[in-house]
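Please read the structure below before turning to the comments.
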Amino acid sequence: MKALKYYGPGSIRVVDTPVPSVKNGEILVAVVACGVCATDVKTFLRGHPKILPGSGLGHEISGVIAEAPGSDLWKKGMRVVVAPYVPCGSCFQCSQERYSLCSHLFDEILDPGGFSELVRVPPRLAAQGVLPLPTAVNPLAGCFGEPVACCLHAFSSIGVEAGDSLFIIGDGVMGLLQAEIGKLLRADPVILSGMTSERMALAFGVADVVIDAAKEDVLATVLRATGGEGADKVIVSVADIGAAGMAVAAVRKGGAINLFAGMPADAKLALDMNRIHYDEILLTGSFGFAPEDFHAAIDLISRGKLDVMRLVTSSVPLAETARALEKLTRQEGVKTIVLCGGDR
Ligand SMILES: [Zn+2]
Ligand SMILES: [Zn+2]
């Protein structure tokens with residue numbers, strides 16, 4: 001079978017590799033489509049501490065069952081989405097229901113990775129991380145399960161509720177998804193700031209206020225849109241320390257900030273400590289998702305509550321993944337989906 005392998009920054013190739021063999025309790029999934037994530041682009045660009053040369057890439061998988069030995073539930077040809085990880089359920093963090101902090105989150109991973117014709121899903125992941133995708137749903141939409149789940153996890157960390165003013169900093173895929181989720185939860189107004197005209201165009205008609213950070217005074221616009229109070233909830237969805245500083249300035253007294261984007265390794269923020277103290281600002285981070293977020297994400301996508309397909313600006317065959325990643329490093333396009341051809 002064909003699979004993409006990562007050999008170091010700037011070096012990825014589609015190679016021939018043996019089809020993984022699956023034991024009872026494991027599942028072999030024929031990958032129809034796998035979304036390209038910012039993590040894949042970052043890994044391609046400058047490497048990743050946890051992704052070793054020779055590994056596969058890709059974790060936003062939509063496919064069909066190829067083999068499910070010993071399973072009463074899964075039959076060949078059933079359409080599924082696959083989560084990239086599930087928690088162990090028995091460590092300290094799991095006992096606190098902080099599943100995205102599970103000490104064993106990455107003990108089981110997809111073999112070799114989503115950018116592959118076939119992928120082996122190990123037992124724990126096969127038991128808990130594989131969900132059916134209704135036939136009426138575009139398989140490419142299934143690739144949004146993981147990114148939407150991460151957004152839902154961030155929303156719950158700051159408790160976004162109906163009527164909250166919500167300010168999203170960043171016009172990437174995640175910021176745009178968050179604007180749509182904010183509207184779904186009836187946040188009002190939803191304000192989004194960005195810098196890329198192609199991406200901001202997708203925010204118009206979703207967010208109530210779209211701010212061009214390159215041309216407008218972002219803070220003044222947020223204050224104007226929130227009656228001078230600042231936003232109840234702020235999500236930082238761009239890996240820029242200046243955006244985190246903006247969040248602290250633009251949040252309302254008693255409001256909450258979620259640092260969603262992973263920052264560069266050496267990023268340090270000089271905080272106005274009195275803002276945090278006197279104005280009782282809640283500053284949170286969020287990473288990944290819990291199983292319930294993944295289930296909720298697939299439910300929203302399956303019921304057509306989120307229009308994720310409008311974010312797909314290109315879909316490419318597996319052989320062209322490297323070129324697609326290069327384009328994304330130049331911020332061309334919004335969401336790219338790789339068609340892996342496993343269902344042929
Ligand atoms: Zn992802
Ligand atoms: Zn655990």
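Indexing begins at 1, ligand by ligand and atom by atom, following the structure's order. This chain uses plain numbering: 1 for the first residue, then up along the sequence.
With contacts defined as side-chain heavy-atom distances shorter than 4.5 Å, the pair Leu306/Ile181 qualifies. A 4.5 Å side-chain heavy-atom check between Cys340 and Glu117 finds every atom pair outside the cut-off. No side-chain heavy atom of Val64 sits under 4.5 Å from any side-chain heavy atom of Val80. Contact of the Leu118 side chain with the Val31 side chain is not registered, since no non-hydrogen atoms from C-beta on lie closer than 4.5 Å.
Under a 4.0 Å N-O distance rule, the pair Lys215/Asp212 qualifies as a salt bridge.
Only protein N, O or S atoms were considered, and those under 2.8 Å from the Zn ion (ligand 2) are Cys88 SG, Cys91 SG, Cys94 SG, Cys102 SG.
Protein-derived N/O/S atoms nearer than 2.8 Å to the Zn ion (ligand 1) total 4, waters excluded.
The cationic atom of Lys335 (NZ for Lys, CZ for Arg) lies less than 6.0 Å from the six-membered ring centre of Phe144 and within 45° of the ring axis.
Considering Asp232, Asp164, Thr226 in turn, Asp232 is the only one that fulfils the side chain to side chain donor-acceptor pair (under 3.5 Å) rule with Arg252.
In this structure, Tyr99 has its ring center no closer than 6.0 Å to that of Tyr85.
In terms of modelled atom types and a separation under 3.5 Å, the side chain of Asp279 and the main chain of Ile281 share no donor-acceptor contact.
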